[in-house]
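Before any comments, here is the structure.
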Amino acid sequence: MADVRTHSHQLQVHPQRQHEGGIKVLYPQSGPSSTQVLAVFVGVPVGGTLLTIAGLTLAGSVIGLMLAFPLFLIFSPVIVPAAFVIGLAMTGFLASGAIGLTGLSSMSWVLNYIRRAGEHIPEELEEAKQRLAGMAEYVGQRTKDAGQTIEDKAHDVRETKTFDVRDRDTTKGTHNVRDTKTHEVRVAST
């Protein structure tokens, strides 16, 4: 027979947001705020007025250029060199101002750098002293090591030469042992 067991299951329901497409997502459900409404009511007339003034200025400039063009043609031998000279003068004034401003900002930077460096000099001097002391200790140790190495090599050479002199004297058939002190290498120990 089939065993029928009852299991208790818990079911949790989570509400899911459904995607609301279109423009409803961009604007809140309650409508525009009072700040947004005020911005539209003030911005449209001001923007429109400024746009109208810009158009009138452009139209006036074009009309003035059309009226002045014959005069430019008649007086061009004078106007062109005058415009060239005025352009060069303006360029000179602008370059002078830019160079002066660059010089002032450079001097300001140098003064600030010196002021900041003055605050850190004692720390840097102490660090330099420590590095110098460390380097002196390192050089001293290396010098001691080199001296010890030279002393060890000299001792080895002395031992080798002593045996060579004794071997040479015994191979010649003479039993006379020469004074080996003349063949030793002397090293002053510290």
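Within the structure, side-chain hydrogen bond (donor to acceptor under 3.5 Å, both in side chains) pairs that include any residue of residues 137-147 comprise Q141-D145 (at least two apart or interchain).
Other cluster members for F41: V37, joined by side-chain heavy-atom distances under 4.5 Å among Ile, Leu, Val, Met, Phe, Trp and Tyr. Membership of an apolar cluster is not assigned to I53, as no side-chain contact below 4.5 Å to another ILVMFWY residue is traced. Annotation for L111: hydrophobic cluster partners, listed by chain and number, are none (ILVMFWY side-chain heavy atoms under 4.5 Å, direct or chained). Through direct or indirect side-chain contacts shorter than 4.5 Å among Ile, Leu, Val, Met, Phe, Trp and Tyr, V80 is connected to no other residue.
Note that NZ of K153 is 12.5 Å distant from CD of Q148, once rounded to the nearest 0.5 Å.
Remark: D156 pairs with no residue by the side-chain hydrogen bond (donor to acceptor under 3.5 Å, both in side chains) rule, at least two apart or across chains. Among residues two or more places apart in sequence or in another chain, the ring-ring contact (aromatic ring centres under 6.0 Å, His included) test is passed with Y113 by W109. For Q130, the side chain to side chain contact (heavy atoms under 4.5 Å, CB included) partners two or more places apart in sequence, or in a different chain, are E126. Listed by chain and number, the residues in a side-chain hydrogen bond (donor to acceptor under 3.5 Å, both in side chains) with E127 amount to none (sequence neighbours excluded). Partners of V42 by side chain to side chain contact (heavy atoms under 4.5 Å, CB included), not counting sequence neighbours, listed by chain and number: L38, V46.
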Output a table of donor-acceptor pairs, distance under 3.5 Å, between side-chain atoms of residues 83-105 and any protein atom two or more places apart or on a different chain; print 'none' if there are none.
residue : atom : partner : partner atom : Å
T91     : OG1  : G87     : O            : 2.8
T102    : OG1  : A98     : O            : 2.8
S105    : OG   : L101    : O            : 3.2
S105    : OG   : T102    : O            : 2.9

For residues 62-77, tabulate all N or O donor-acceptor pairs below 3.5 Å that involve a side-chain atom, not counting sequence neighbours.
residue : atom : partner : partner atom : Å
S76     : OG   : L73     : O            : 3.2

